[in-house]
Amino acid sequence: MLSLLLAQGADAALDARVEALLRQMTVEEKIALCHGDSKFTTAAIPRLGIERRWLSDGPHGVREDVGPDTWNPAGHTDDFATYMPVNLCLAATWDPALAREYGATIGQEARARGKHIMLGPGVNILRTPLNGRNFEYFGEDPFLAGRMAVGYIQGEQGEGVASCVKHFAGNEQETRRNAVDVRMDERTLREIYLPPFRAAVQEGGAMTVMAAYNRFRGAYCSENEELLNTILKGEWGFRGLVMSDWGGVHSTDGAVRHGLDLEMGSNGAYDDWFLAKPFRDGVRNGTYPVALLDDKARRNLRVILATQHAERGGSLNTAAHQATARRVAEAGIVLLKNDHSTLPLKADAVRSIAVIGDNAVRLTARGGGSAGIKAFYEVTPLQGLLGRVGSSVDVTFSQGYRQPERRPQGRADVAGVRATATQAPPAADPKLIDRAVRAAKAADVAIVVGGLYHGRGGDDEGADRTDLRLPFGQDELIRRVSAANKRTVVVLLSGGPVEMEPWLAKVPAVVQAWYPGMEGGAALASILFGDVNPSGKLPYSSPKRLADSPAHALGAYPGEATEEYKEGLLVGYRWFDTKGVEPLFPFGYGLSYTTFTYANPRLEGDTVRVDVTNSGSRDGAEVVQLYVEPVAPRLPRPTKELKGFAKVALKAGETKTVAIPLDARAFAFYDPDRKAWLAEAGAYRLLVGPSSRDIRARLETRRTETVTVP
Ligand code: BGC
């Protein structure tokens, strides 16, 4: 594939075309490649056959067009898109092949919409459950995030569109995102925060990278010598382009010298941007060597040539796209609790259902900030349930709690993010709760659809949540509804963990449904009624309370001007397991309507094999997870780390041998003294199971020599 070869530097023909073009270009033309000429474009150079280049958000589909000099919608009628489940839901599928289809879907729609570069996926790590953008990322584990990003990017770039992996690096919070200086030790950087980016670039072949807003070790990420020049372009051999986040450039000198190739989203006249006239003048008067400009122009040209096509191609909202959106939701929804086989519901035995909760009727596509989508349609949870049961079941709806309308307010910041919902969040409404309780009492089953929302205090760009609790009086609502109806199912729409202790023991069934995209309601109904057997697994650890979560336990979040990642390597389950803290639900956890047994684990060469049997009476899918535990490491290491996984579909009664390959990298850690990855000689345990805390098989292996791993 052209695009993959491009990033790895193997496409000599493309390089030759780039050089031929470069030789014909004036300084002005090269400069024009290095900065925007509207919110989401760079200038065409018709004389050389270079088209206007279009960029677009984002990770969950092709964003609505804004227009040219404003964040306000352009008012087009042809800028709808398929709204995919959020990336956190995709991560919960643990299925890189599905990520590839997901990426391909967006790639096809980007082609149809005339976009060349898609601004996603985001691979920042879930360090705090409160990050307002966790819903856009792949969770807390660098290995899982890397696998999903690689699938996504290969699928998207396979359609001839460039992916932009973001936000590089250390953008794990929205609080003070434009200025905070992120600090962490070298091992933490190398072992936790960089691996998904490295996988995206080296294995996925991502053609573009977006520098984060924040500072890292003192310097803004858009002018960060260490991140951009030393690591990304130097050590990793990245040959694509680095763009700024929108409005994330702070100086001409920093951006020119320290690795930025494309400036986007700055304020003021386009010609006055940092990489426009000031850069040109600097080249003219000898401040900046022409070679620096040529390097940036070359990187831009490579991406332009790889994404400029004779035919526009692509397709929008096809039946296949809708089916992919639905399959991702069905594979990513996680069944957290299911006492007394409350689920699946039996369509012929249930006569009445009380659907309760604002999220049952709320549209989510447009929310959340830059990841919002103008969806062709969106099946809400209530619509999905109604569609599933038809007229055979009596379905009532009761709002139960009220969340603020997502009304943008105030001035937009440099990235176009406006403060939403500045009014005080509504508290529990006793009248709504009373009505919901009456509805629950009168029905066979109560389904409360709650969780968070895309607005302030929820899953929203530009601000973090302020606590872990469910907002708008939902704890009381769920307590009262579950007291009124023993068969209460709680469905949570959210982009991360929420506190459940106030009601969890009283509720027999809980489903984590993320923001499941435009087919989400239909997917949810198929899970609740058992047409689809749930197979999603949490891509993060759910803490019992916020203070159990590492950055919070250490008082390390939110810092002030500096954010010190004091928990170091111990992010997510690495913390819970190493410190012996009991999570509410562990990383990798998720139930099924069937059961799986593990037998005959063995290590054959470099491959772990285990026989997995579906020992229940329904077809299903299991995510087999492989963790590596060093027995006596020289440097402190997390007790165990995910190093492989495989999702396997099994018919009732069926057995399959699952094979998970391991290479030296799976045993390696970053040695800051040697500045190298080392897989040390010594004993290791290989732990296999359906979650990080449910280990069904243990193997031991000994590595006889210490090797460095590239
Ligand atoms: C976000 C990016 C996004 C860009 C363009 C910024 O506010 O941080 O993720 O791609 O805007 O909309």
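From a predicted model like this one, the values you see are computed outputs, not experimental measurements. Whatever order the structure lists them in is the order used to number ligands and atoms, beginning at 1.
Ring orientation note: the planes of Phe40 and Trp71 are nearly perpendicular, at an angle over 60° on the 30°/60° scale. Ring geometry for His454 against Phe135 counts as tilted: the plane angle lies between 30° and 60°, on a 0 to 90° scale. Using bins of under 30°, 30° to 60° and over 60° for the plane-to-plane angle, the ring pair His250/Tyr220 lands in the parallel bin.
Residue Lys166 touches ligand 1 through its side chain alone, judged by heavy-atom distances below 4.0 Å. In Arg177, the part holding a heavy atom less than 4.0 Å from any atom of ligand 1 is the side chain. In Arg133, the part holding a heavy atom less than 4.0 Å from any atom of ligand 1 is the side chain.
Taking every non-hydrogen atom of Trp71 and a distance limit under 4.0 Å, the qualifying atoms of ligand 1 come out as 12 (O). Each of the following atoms of ligand 1 lies closer than 4.0 Å to a heavy atom of Phe40: 5 (C), 12 (O). Close contacts of ligand 1 with Glu461, meaning ligand atoms under 4.0 Å from a residue heavy atom, involve 1 (C), 6 (C), 7 (O), 8 (O). Interface atoms of ligand 1 facing Arg63, defined by a heavy-atom separation under 4.0 Å, are 12 (O).
In terms of polar-atom proximity, defined here as any N/O pair under 3.5 Å, Asp245 does make such a contact with ligand 1. Where the criterion is an N or O separation shorter than 3.5 Å, residue side chain and backbone included, Trp246 fails it with respect to ligand 1.
In this structure, a donor-acceptor pair under 3.5 Å is present between the side chains of Asp459 and Tyr515.
When Glu564, Glu226, Glu225 are each tested for a salt bridge (charged side-chain N to carboxylate O under 4.0 Å, His left out) with Arg217, only one passes: Glu226.
Relative to the ring axis of Phe143, Arg147 places its NZ or CZ within 45° and under 6.0 Å from the centre.
Heavy-atom proximity to atom 3 (C) of ligand 1, evaluated over Val66, Leu119, Leu55, Asp57, is greatest for Asp57. The option from Glu136, Met264, His167 that lies nearest to atom 9 (O) of ligand 1, judged by heavy atoms, is His167.
Aromatic ring centres of Tyr565 and Tyr193: separated by under 6.0 Å.
Considering CG of Leu305 and CD1 of Ile50, their distance stands at 7.0 Å, rounded to 0.5 Å.
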